[in-house]
Protein chains: 2
Amino acid sequence: MKEGPDIARVAALLGDPARSNMLTALMSGRALTAAELAQEAGVTPQTASSHLAKLEAGQIVIPRKQGRHRYFTLSGPDIVEALEVLMGIASRVGHNRVRTGPRDPALRKARVCYDHLAGEMGVALFSGLEARKLISTDHNGVALTDAGTDFAEAFGINLNELRTSRRPLCRECLDWSARQSHLAGSFGAALLDRFYDLGWAHRNMESRVVIFSPEGERNFKALCDS
Amino acid sequence: MKEGPDIARVAALLGDPARSNMLTALMSGRALTAAELAQEAGVTPQTASSHLAKLEAGQIVIPRKQGRHRYFTLSGPDIVEALEVLMGIASRVGHNRVRTGPRDPALRKARVCYDHLAGEMGVALFSGLEARKLISTDHNGVALTDAGTDFAEAFGINLNELRTSRRPLCRECLDWSARQSHLAGSFGAALLDRFYDLGWAHRNMESRVVIFSPEGERNFKALCDS
DNA sequence: TTCATAGTTCGATGTTAATCGAAGCATTAA
DNA sequence: TTAATGCTTCGATTAACATCGAACTATGAA
């Protein structure tokens, strides 16, 4: 046995698909509950609990108890750094886990990331809302501004209803295709729902692609630019 | 299955002790043969071959055939970066794999890191050379200054000979025990060789410890401080 | 109290993969 | 050619671990 830091032990902790999904979900800096992380990883709560125990023992994440929830955060910025470097390597060597057409242009343009909009249009939405000062970002995460609150109500989104859920209103989500942030959280999901309701877009079941109608895309652009 | 770069696949490749030993051995920038890597990892040639095939398939290392040897190198600087970040995390959270005297003072003071000096004296050498402006560090890495070139020649190091190798002259190497940089690269190796030749120090075979004689240590201190 | 939710522990199952002995190629030297 | 070296492939064994159903604990709500 050699001396030195045990790289393998840390890397092995990041080397399981379920755990790496959890950790990338935590990259936004927001604390997430065990159940949320289980859903992100696509495993049952029991399995997630086992993984989280390992990550906790390895000091990759730190838990914080609050009521009957356990919120997890990454144990430090070095973890984010590691994940980012590994992402870079993975995309350099072409290790993507996309099955259905990795270079599918429609997928890159607009797709569903669980329940919110991702892809180029997702990134455009995020930066558009930020430029219009409807959302603000700082080290705590993303938040809806006062102007953003007014906008949401005018756009037909019932914020009070969203606030009843434990889920955060706004969350940043790193976009793998554009390498920038797009908007997640219940507000992000509500926006996409509203796009559907207004007839701006509809989902292509069979895939994650979101298809915008011509006038829908015009309206969307106006929303981002104005 | 989620979209995005497959972190887990890359991390899993780094997450095996045998493989991580091989990869850290390659961090020096030197190409090593399969047999050498097997010895570094402490496994049989068959096992090493299996690991190297995996690393090659994952594009973590690239092989180069030469005669009846196969030389391996890391596939890019991003791999080194990843290993260094993981090293930092591992030592932060106290994951060390030291069995034989983790706090062996001699080992912490001065030891061989492949072919150059590491430990407290290695770090002192690095910061001493930097303070004397014999080496300079910036975001591109470490480089020998003009004054450093003069110093090297005066110290009895043939730089022209070193430059013929593909190996970088100066490289930073993160020291796990001191958590600071020490000097690697062919110049770092040449310096240690020169310490041996001058009788300042000798290696304790059996271990990685480097033992300085009293006057050798005095001279070394003068070299770092003046 | 009773009920529901969040999370964990236990136990069983199935899969993956690390390991090495033995044999097989490939290259070099005599 | 024969012999030796470097490395790989094959096959079998073993150990680790990810997964989930079922049961259990803890907190909060009615």
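Every chain is numbered from 1 and lettered A, B, ... according to where its sequence line falls, protein lines coming before strand lines.
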With a cut-off of less than 4.0 Å, is there a side-chain N or O of [X] near OP1 or OP2 of [N]?
X      : N       : result
T47(B) : dC20(C) : yes
R68(B) : dC25(C) : no
H69(B) : dA26(C) : no
H51(A) : dT19(D) : yes

Margin query: Among dA18(D), dC20(C), dC7(D), which nucleotide has an atom closest to any side-chain atom of T44(B)?
Written below: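 The answer is dC20(C), which lies nearest to the side chain.
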
Next item on the list: Between dG7(C), dA18(C), dT19(D), spot the one nearest the side chain of R19(B), thanks.
Entry: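 The listed nucleotide nearest to R19(B)'s side chain is dA18(C).
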
Note to self: Angle between ring planes, F155(A) versus F151(A), binned at 30° and 60°: parallel, tilted or perpendicular?
What the structure shows: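 Parallel, since the angle between the ring planes stays under 30°.
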
Check: Under 30°, 30 to 60°, or over 60°: which ring-plane class applies to F195(B) and W200(B), parallel, tilted or perpendicular?
Finding: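 The rings of F195(B) and W200(B) lie parallel, inter-plane angle below 30°.
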
Next item on the list: Identify the two heavy atoms, one from F72(B) and one from A34(B), that lie closest to each other, and give their separation to 0.1 Å.
Entry: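 Residues F72(B) and A34(B), closest heavy atoms: CE1-CB, 4.0 Å.
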
Checklist line | Exercise: identify the closest heavy-atom pair between H182(A) and F126(A) | finding: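 Reported closest heavy-atom pair: C-CD1, 3.6 Å.
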
Notebook entry, point to check: Considering heavy-atom distances to DNA chain D, does G67(A) or K54(A) have its closest nucleotide positioned more toward the 5' end?
Noted result: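 Result: K54(A).
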
Next item on the list: Name the nucleic acid region contacted by A18(A), choosing base, sugar-phosphate or nothing; use a 4.0 angstrom heavy-atom cut-off, strictly under.
Entry: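 If one applies the 4.0 Å heavy-atom cut-off, A18(A) turns out to touch the sugar-phosphate alone, with no base involved.
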
Check: Has the side chain of Q46(A) got a donor or acceptor that lies under 3.5 Å from a partner of the other kind on the base of dG21(D)?
Finding: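 Such a pair is found, so the answer is yes.
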
